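These notes concern the structure reproduced below.
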Amino acid sequence: NAGVTQTPKFQVLKTGQSMTLQCAQDMNHNSMYWYRQDPGMGLRLIYYSASEGTTDKGEVPNGYNVSRLNKREFSLRLESAAPSQTSVYFCASSEARGSNSPLHFGNGTRLTVT
Amino acid sequence: RKEVEQDPGPFNVPEGATVAFNCTYSNSASQSFFWYRQDCRKEPKLLMSVYSSGNEDGRFTAQLNRASQYISLLIRDSKLSDSATYLCVVNKGTGRRALTFGSGTRLQVQP
């Protein structure tokens, strides 16, 4: 049982390049999320999808887009990468829409934008 | 003031010691609280929820003090494997946007 799988694990981009971070979960969870984690700061929500077919902005959505491709997959796209987007990105899923159900995180993607 | 504040540490303790972390939150309307554990360069994992009456899970005890707006995590008989960063998470309302993560407290248990 893989849980939440993210790809790639590492990525280096030049300013202005684009890329898509992939995330898939095999737990039949309804809700999926993208967070970023920066040194000295807590995880911050970029976007989330409460259920298949819906997406909503989180705390720091600027510069990102998302697609909930189906119930399993939720991708995050950087259209024109900037150095400020250097971070560790975590995808997560949860069984229910409510905020009390545990978040299950993927292994993370370490992104560097030069 | 940050919504959720934690002492970043590190807390360096010997094996077998008891250690406690506090986490303060600014929104008095916060409704639910959690502790997550994050190992170095790994993903966060839920350690335990924090209930109003306090709760215990083995060597771990979580407490909530609504009057002073803080939660605590007590670890008894520390093990080397407890070395990690402990994230305080506060929910100030309904929905995922209401979840706020603290920046974490690093614990290093030494032999």
Side-chain angles (χ1 to χ4, degrees), chain A residues 2-7 9-10 21 23 25 27 29-51 54-61 66 68 74 87-110, chain B residues 1-10 21-27 29-52 55 57 60 62 64 71 84-106:
Chain A
V4 179
T5 303
Q6 283 182 242
T7 56
K9 285 188 166 44
F10 301 93
L21 281 63
C23 175
Q25 52 91 10
M27 296 175 283
H29 286 171
N30 286 310
S31 301
M32 298 185 73
Y33 317 85
W34 278 104
Y35 286 89
R36 62 178 287 174
Q37 186 174 36
D38 300 294
M41 304 186 72
L43 276 84
R44 292 182 292 168
L45 183 64
I46 305 171
Y47 269 94
Y48 69 102
S49 171
S51 61
T54 69
T55 61
D56 284 288
K57 294 178 180 179
E59 183 185 351
V60 288
V66 290
R68 184 74 183 265
F74 188 40
S87 188
V88 180
Y89 292 85
F90 287 102
C91 177
S93 69
S94 69
E95 185 174 352
R97 295 183 188 190
S99 54
N100 289 339
S101 56
L103 291 168
H104 298 261
F105 288 89
N107 291 338
T109 296
R110 296 184 176 276
Chain B
R1 182 185 172 187
K2 288 184 182 178
E3 289 190 58
V4 177
E5 292 206 66
Q6 295 184 252
D7 181 340
F21 315 131
N22 281 349
C23 163
T24 59
Y25 60 93
S26 61
N27 191 325
S30 297
Q31 298 179 359
S32 50
F33 311 86
F34 311 89
W35 285 102
Y36 277 72
R37 171 195 167 124
Q38 186 172 24
D39 293 307
C40 187
R41 301 178 77 83
K42 300 280 192 182
E43 74 276 18
K45 294 183 180 177
L46 178 67
L47 178 66
M48 59 197 303
S49 301
V50 185
Y51 301 123
S52 296
N55 48 298
D57 183 1
F60 298 84
L64 168 63
I71 65 172
T85 296
Y86 291 85
L87 308 178
C88 168
V89 184
V90 175
N91 171 24
K92 62 186 177 189
T94 57
R96 283 299 177 185
R97 273 179 288 191
L99 271 184
T100 304
F101 283 76
S103 55
T105 296
R106 193 155 69 89

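The sequence lines fix the lettering, A, B, ..., with proteins before strands; numbering per chain opens at 1. In this text, all values refer to a predicted model and were calculated from it rather than measured experimentally. Below, all heavy atoms of this structure are taken into account, side chains as well, without hydrogens, waters or symmetry copies.
Applying the ring-ring contact (aromatic ring centres under 6.0 Å, His included) rule to B:Tyr25 yields the partners B:Phe33; only residues at least two apart in sequence or on another chain are considered. The side-chain hydrogen bond (donor to acceptor under 3.5 Å, both in side chains) test applied to B:Glu5 returns no partner, not counting sequence neighbours.
Under a cut-off of 6.0 angstrom, the local environment of CZ in B:Arg106 is sparse, with at most 12 non-hydrogen atoms contributed by other residues, nucleotides or ligands.
Nearest heavy-atom pair, A:Phe90 versus B:Gln38, reported as atom, atom and distance to 0.1 Å: CZ-NE2, 3.7 Å.
Using a 4.5 Å cut-off on side-chain heavy atoms (C-beta onward), B:Leu99 and A:Tyr33 make no contact. In this structure, A:Leu103 and B:Phe101 have side chains that are in contact, with non-hydrogen atoms separated by less than 4.5 Å.
No side-chain N or O of B:Glu43 forms a donor-acceptor pair with one of A:Gln6 less than 3.5 Å apart.
Between chain B and the options A:Gly108, A:Gly42, A:Gly40, heavy-atom pairs under 4.5 Å are most frequent for A:Gly42.
Both the backbone and the side chain of B:Pro44 come within contact range of chain A, judged by heavy atoms closer than 4.5 Å. Heavy-atom distances place the side chain of A:Arg110, and not its backbone, under 4.5 Å from chain B.
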